J.: 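Here you go, one structure.
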2 protein chains.
Amino acid sequence: MPSSRPSLVQIAERVGVSPATVSRAFNRPELLSDATRERILATARQLGFRPSKVGSSLRSGSTRTLGLLLPTMSNPVFAACFEGAEERALKAGYSVMLATTGYDSRRERAAARSLLDHRVEGMILTVADPACSATLAELTASGLPFVLAYNESDRHPFVSVDNRAAAGDMVEHLVASGHRRLAMVSGPLDASDRASKRLDGVLERAARLGLPVPTHVSMPRHTAADRARLRSLLSSPRPPTALFCSNDLLAASVIAELATLGLRVPDDLSVCGFDGMAFGALMVPSLASVHQPSTEIGSQACHELLNALGGESSRSVRLPHRLCGGGTVARLPVD
Amino acid sequence: MPSSRPSLVQIAERVGVSPATVSRAFNRPELLSDATRERILATARQLGFRPSKVGSSLRSGSTRTLGLLLPTMSNPVFAACFEGAEERALKAGYSVMLATTGYDSRRERAAARSLLDHRVEGMILTVADPACSATLAELTASGLPFVLAYNESDRHPFVSVDNRAAAGDMVEHLVASGHRRLAMVSGPLDASDRASKRLDGVLERAARLGLPVPTHVSMPRHTAADRARLRSLLSSPRPPTALFCSNDLLAASVIAELATLGLRVPDDLSVCGFDGMAFGALMVPSLASVHQPSTEIGSQACHELLNALGGESSRSVRLPHRLCGGGTVARLPVD
DNA sequence: CGCCAGACTGCAAACGTTTTCATCGTTGCA
DNA sequence: TGCAACGATGAAAACGTTTGCAGTCTGGCG
C-alpha cells in the first residue's frame with residue numbers, strides 16, 4: 001500500500017524506460033510498441049499510479065477545468081443548471097469547479113478570484129445584474145471566456161429564457177382564466193435581474209391587455225413586515241385575484257403563508273410561479289408556472305463556453321420557455 | 001488588457017526583484033520591507049497578476065482542494081450537504097471540487113478517479129452501500145483520507161444520523177397518532193443503505209410495539225408497474241392507514257400519485273417522509289418527516305476530513321435527528 | 001573600530017508532467 | 001547494396017511556483 005503516490009518518473013525507473021515513454025503510454029498510446037505500453041500500464045496499475053493533473057496542467061498550460069459560479073444550490077433551478085453543465089463538461093473531458101455565492105457580492109468576487117487562481121479555462125455564472133456587476137467587470141478584464149446563465153445582457157454572451165416574454169405569457173394565461181386584477185410578488189429586485197425582467201413583462205403585457213396596473217410587492221425576507229405587506233395587499237378594497245410570484249420557491253412559501261392566513265389556494269386566491277421546477281408539479285394542487293429548461297440552460301451554457309474555448313464565437317441563446325398550467329390558478333367565471 | 005496571464009517571474013522582472021521575493025509578497029508579506037511589498041503588490045494589481053494555484057500546488061505538493069462526490073444535486077438533501085461542506089472548506093482556505101454520480105456506479109468510479117487525478121487532498125462522499133462499494137475500496141487503497149456522508153459504516157469514518165432510530169421514532173409518532181397498519185415505500189434498496197436502515201428501523205420498532213408487520217413496497221421508477229403495486233397495496237383487505245416513504249422527494253411524488261387516484265392526504269391516507277427538507281414545510285398540508293441536518297452533515301463531514309488532514313484522528317459522528325410533525329399525518333380516532 | 005545580529009533579498013533546485021528534437025535500428029525498395 | 005523512410009524511444013527543457021540556504025547591508029554594542 002503506497003502511502004505517497006508514485007510519480008511518472010518512478011514508474012519509468014521501475015519499468016526501465018524514460019519518463020517520456022510513460023507519459024506517452026497514457027496520452028499517445030498508439031506511439032508505443034504493444035509490449036512497452038502493456039508493461040508500463042501494468043506497473044502503473046500495480047502501483048496505483050495515475051498521472052497528476054497538476055503536473056500536466058502546469059506543463060501543458062491547460063487545466064481542462066471549468067468554473068461554475070451560482071447563487072445557491074438550495075434553489076433546484078441552479079442545482080439543475082449545475083447538473084446540465086457538469087454533464088456537458090464531462091462529455092468534453094472537462095472537470096467542473098463549483099462555487100456558490102449565497103447572493104452575496106463579496107463572496108461572489110472572492111469565489112470568482114479563487115476560480116481564476118485555479119486557472120479554470122472558462123466560467124459559467126449567474127450574477128445579480130450583468131449591467132453593474134463588479135465580478136463581471138473583473139472577469140471581463142481578466143480576458144477569461146465566460147457565459148452568463150439566466151442573466152440576459154446585450155454586452156455579454158448568455159443563455160437564458162426570454163424572461164419578459166415568458167412573464168407576459170403567464171399574464172396571458174391568467175387573463176384567459178378570467179383574472180384581471182393581478183399582483184406581482186418578488187424578492188429584492190436588485191438581487192435578480194430576472195425578477196426585474198419578469199416584472200417588466202407583467203406590466204407591459206397587462207398594459208397591452210388593458211388590465212389595471214398590477215401591484216408589485218417585494219418580499220426580501222420572510223419577516224413580519226413582509227407578511228404584513230402581503231396581508232394589507234389582500235385586504236385592499238379591490239384585491240388581486242391572482243398572485244404572480246417571480247419564482248417557484250417564493251410561490252410555495254407564499255402559498256404556505258396564505259394557508260396560515262386561512263386563505264385557500266386556488267379557491268380564495270390564485271397563485272403562480274416561475275421556473276417550472278419539478279417539485280411544483282408534485283404539489284397538491286400543482287403549481288402553475290412558466291417552465292424554463294434549467295438543465296439545458298446549464299448544458300447549453302457549457303456548450304457555448306466550450307465553443308468559445310475552441311476558438312469559435314459563442315452566441316447568446318434564448319431557450320424556449322413553456323407555460324405549465326396548474327391547479328393553483330382558478331378558472332374564474334366571467335362576470 | 002493582458003490576454004495571456006502574466007507569471008510571477010514577469011512581475012519580478014518588471015519590479016526588478018527576484019521571483020522569490022514576489023512569491024513572498026503573497027505568502028509571507030511580513031518578511032518584506034514595506035517598500036518592496038507595496039511595489040510588488042501594486043504592479044501585480046496593475047497587471048492583473050494572481051499567483052497560479054497549479055504552480056504552487058505542484059511545488060508545495062498541496063492543492064488545498066477537497067473532493068465532493070454525491071449522487072445528485074436534484075435532491076435538496078445533497079445540495080444542502082454540498083453547501084455545508086463548501087462553507088466549512090472555504091473557512092479553512094480549501095476549495096471544493098464537486099462531482100455527481102447520478103446513482104450510477106460507473107460514473108461514481110470515474111468521478112472518484114478524476115478527483116484523485118486532480119490531487120484533491122481528501123474526499124467526502126455518499127455511496128450506495130459502503131459494505132460493497134468498489135469506489136470505496138479503490139479509495140481506501142489509494143490512501144486518500146475520506147469521510148462518508150449519510151452512509152453509516154463500522155469500517156470507515158462517516159457523518160450521518162441514526163437512520164434506524166430515526167425511522168423508529170417516526171413509527172412511534174404514527175402510532176401515537178393512532179395508526180397501526182403501516183407500509184414502507186422506498187426506492188430500490190440496493191441504491192441506498194439509508195433506505196435499508198430505515199426499513200430495518202421501521203420493522204424493528206413495529207415489532208416491538210406489537211404492530212402487524214408493515215408491508216414494504218419498492219418504487220424504483222415511476223412506471224405503470226410501480227403505480228399498480230401501490231394501488232394493489234391500497235386495495236388489499238386491510239390496507240395501511242399510513243405510508244412511510246423513505247425520503248421526502250418520494251413522499252411528495254407518492255402524494256401526487258394518490259391525488260390522481262382520487263385519494264386525499266391525510267383524509268383518506270396518511271403519508272410521511274424522511275429528510276425534513278425545507279420544501280416539505282411549505283407543502284399544503286405540510287409534510288410530516290424526520291429531519292436530518294443536511295447542511296451540518298456536510299459541514300461536519302468536512303470538519304472531520306480537515307481534522308484527518310491535520311493529522312488528528314477523525315471520528316464518526318451521528319448527528320441528532322428531529323421529528324417534524326406535519327399535516328400529512330392524520331390523527332386517527334381510537335377505535 | 002570591529003564584530004555580530006538582524007533585516008532583507010537573491011540563487012537555485014525541486015515539484016510532475018509534456019513535447020520537441022534527436023537518435024537508433026529496421027524495413028522496404030530501387 | 002545503399003538509401004530513405006519509418007517506428008520506437010530517449011534527452012532535456014519548460015511550465016509557475018516555493019523554500020532552504022546563503023549573501024549583503026545596516027545599525028548597535030562593546
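In what follows, chains are A, B, ... by sequence order, proteins preceding strands, each numbered from 1. Keep in mind it's a predicted model, so treat the numbers as computed, not measured.
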J.: Output a table of nitrogen or oxygen pairs between the protein and nucleotides 19-24 of chain D separated by less than 3.5 Å.
T.:
residue : atom : partner : partner atom : Å
D/dT19  : O4'  : B/R59   : NH2          : 3.1

J.: What ring pair (Phe, Tyr, Trp, His ring centres under 6.0 Å) pairs are there with at least one residue in residues 124-146 of chain A, not counting sequence neighbours?
T.: A/F146-A/H156
J.: Report, one pair per line, the protein and nucleotides 5-8 of chain D atoms (nitrogen or oxygen only) whose separation is under 3.5 Å.
T.:
none

J.: Note the angle between the end axes of the helix from C/dC1-D/dG30 to C/dA30-D/dT1, five pairs defining each, rounded to 10 degrees.
T.: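 Overall, the helix from C/dC1-D/dG30 to C/dA30-D/dT1 bends by 50° from one end axis to the other.
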J.: Please list, chain by chain and in numerical order, all residues satisfying side-chain hydrogen bond (donor to acceptor under 3.5 Å, both in side chains) with B/S7, sequence neighbours excluded.
T.: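 With neighbours one apart ignored, the set is empty.
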J.: Look for any protein N or O under 3.5 Å of an N or O in nucleotides 23-25 of chain C and output each such pair with its distance, or none.
T.:
none

J.: Could you pull out all residues at least two apart from B/S18 that satisfy side-chain hydrogen bond (donor to acceptor under 3.5 Å, both in side chains)?
T.: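 Partners of B/S18 by the side-chain hydrogen bond (donor to acceptor under 3.5 Å, both in side chains) criterion, ordered by chain and then number, come out as B/T21.
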J.: At a heavy-atom distance below 4.0 Å, what parts of residues 8-18 of chain B sit against DNA chain C?
T.: B/G16, B/V17, B/S18
J.: Using the test side-chain hydrogen bond (donor to acceptor under 3.5 Å, both in side chains), find all partners of B/N27 that sit at least two apart in sequence or belong to another chain.
T.: B/S23
J.: Taking only residues two or more places apart in sequence, or in another chain, which ones meet A/R37 in a side-chain hydrogen bond (donor to acceptor under 3.5 Å, both in side chains)?
T.: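 Residues passing side-chain hydrogen bond (donor to acceptor under 3.5 Å, both in side chains) with A/R37: A/D34.
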J.: Below 3.5 Å, can you tabulate the donor-acceptor pairs from side chains in residues 304-317 of chain A to any protein atom, sequence neighbours excluded?
T.:
residue : atom : partner : partner atom : Å
A/E304  : OE1  : A/R315  : N            : 3.2
A/S316  : OG   : A/F158  : N            : 3.0

J.: Taking only residues at least two apart or on different chains, which pairs with a member in residues 58-67 of chain A satisfy side chain to side chain donor-acceptor pair (under 3.5 Å)?
T.: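 Passing the test, one end in residues 58-67 of chain A: A/S62-A/E121.
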